[in-house]
Amino acid sequence: MNSRDTLETRFFPQGPNPPVRWLISEGLTPYPEAVAFMETEAARIAAGEADELVWLVEHPPLYTAGTSAKAEDLVAPDRFEVHATGRGGEYTYHGPGQRVAYVMLDLKRRRPDVRAFVSALEAVIIGTLESMNVTGERREDRVGVWVRRPDKPRLADGSVAEDKIAAIGIRLRKWVSFHGLAINVDPDLEHFSGIVPCGVRAHGVTSLVDLGLPVPMHEADIRLRDAFEAVFGPTRDDRPDRDS
């Protein structure tokens, strides 16, 4: 099987398609509200009643458990709310200072290839980081995006330390994706200590601020949108009423 680095990550629509709606929510979005909104929007997209959507949020501090989560990886079960979720992956943390992008795309309009889609989301993150002179990398044995940390002590096997800067977890229903990616802009990294992030014990987590880049969230959003459009095509601003 080819490595994800060799996969074609351009995921433009295969025919005419309206620009992807791009929605940014202010404040902190409760996780159950986010899931309910994604479920509704994914169903509307699958039924042809709505255009595709990327929804950017921040959450209050919480842990989520993906479909592969192991009980022993929840180190501090009483620290924050814990939400079981249908996305792939294991435990992850969400909280203020982390940009979560929920990606609701119809892969039937693009390319019904889940592995390539994950690689495309990684390409978006890598492109976002590259615009800020940060080198993000894939790892075949770990989903997400990683940065080398030569400033830290080497690992027991002598290799350079690595930290995770972005996580990915998706779910598909009728070939429409939901859930998505999370980039650590300036979250409280100590909050990750309540779990084994994504089941990976040998490596740590980092953020743009931890790497010495005090990037405001709105600037990170601009760079994320540019990188997304390079991989998935045009977007348009959207401000729907989530109560409708």
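Being a predicted model, the structure only gives us computed values, none of them experimental. Counting begins at 1 with the first residue of the sequence.
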Notebook entry, point to check: Looking only at side chains, do H191 and Y93 share a donor and an acceptor under 3.5 Å apart?
Noted result: yes
Next item on the list: Verify the cluster assignment for W22 and I222: are they in a single hydrophobic cluster under the rule of side-chain heavy atoms below 4.5 Å apart?
Entry: no
Margin query: For T235, is there any backbone N or O sitting under 3.5 Å from a side-chain donor or acceptor partner on E229?
Written below: yes
Next item on the list: Find the distance between OG (S177) and CG (D106) and round it off to the nearest 0.5 Å.
Entry: 8.5 Å
Notebook entry, point to check: Looking at F117, does the NZ or CZ of R111 lie under 6.0 angstrom from its six-membered ring centre and within 45 degrees of the ring axis?
Noted result: no
Margin query: So, taking the atom named CG in N184 and the one named CG in L189, what distance separates them when rounded to the nearest 0.5 Å?
Written below: 6.5 Å
Check: What are the two closest heavy atoms between A161 and P153, and how far apart are they?
Finding: CB-O, 3.6 Å
Notebook entry, point to check: So with a 6.0 Å cut-off around NZ of K174, is the heavy-atom count from everything else above 12?
Noted result: no
Item checked: Side-chain donor or acceptor of R110 paired with backbone N/O of F232 under 3.5 Å -> yes
Item checked: Check ion pair R138-E140 (N to O, under 4.0 angstrom) -> no
Item checked: Joint hydrophobic cluster, M217 plus L129, side-chain heavy atoms closer than 4.5 Å -> yes
Notebook entry, point to check: From R44 CZ over to D51 CG, what is the distance, rounded to the nearest 0.5 angstrom?
Noted result: 9.0 Å
Notebook entry, point to check: So how far is it from R236 CZ to L53 CG, rounded to the nearest 0.5 Å?
Noted result: 9.0 Å
Check: Does R87 reach the main-chain N or O of T64 with its side chain, forming a donor-acceptor pair under 3.5 Å?
Finding: yes
Next item on the list: Return the orientation label for the W55 and F37 ring planes: parallel under 30°, perpendicular over 60°, tilted otherwise.
Entry: perpendicular
Notebook entry, point to check: Does D221 offer a backbone N or O that forms a donor-acceptor pair with the side chain of R99 under 3.5 Å?
Noted result: no
Notebook entry, point to check: Just by distance, do the side chain of E137 and the backbone of W146 share a donor-acceptor pair under 3.5 Å?
Noted result: no
Check: Hey, is CD on E39 packed in by over 12 heavy atoms from elsewhere, all under 6.0 Å?
Finding: yes
Checklist line | Approximate separation, where rounding is to 0.5 Å, of L56 CG and H218 NE2 | finding: 14.0 Å
Checklist line | Plane angle bin for Y31 and H59 - parallel if under 30°, tilted between 30 and 60°, otherwise perpendicular | finding: perpendicular
Next item on the list: Drop me the distance from L211's CG to D163's CG, to the nearest 0.5 angstrom.
Entry: 7.5 Å
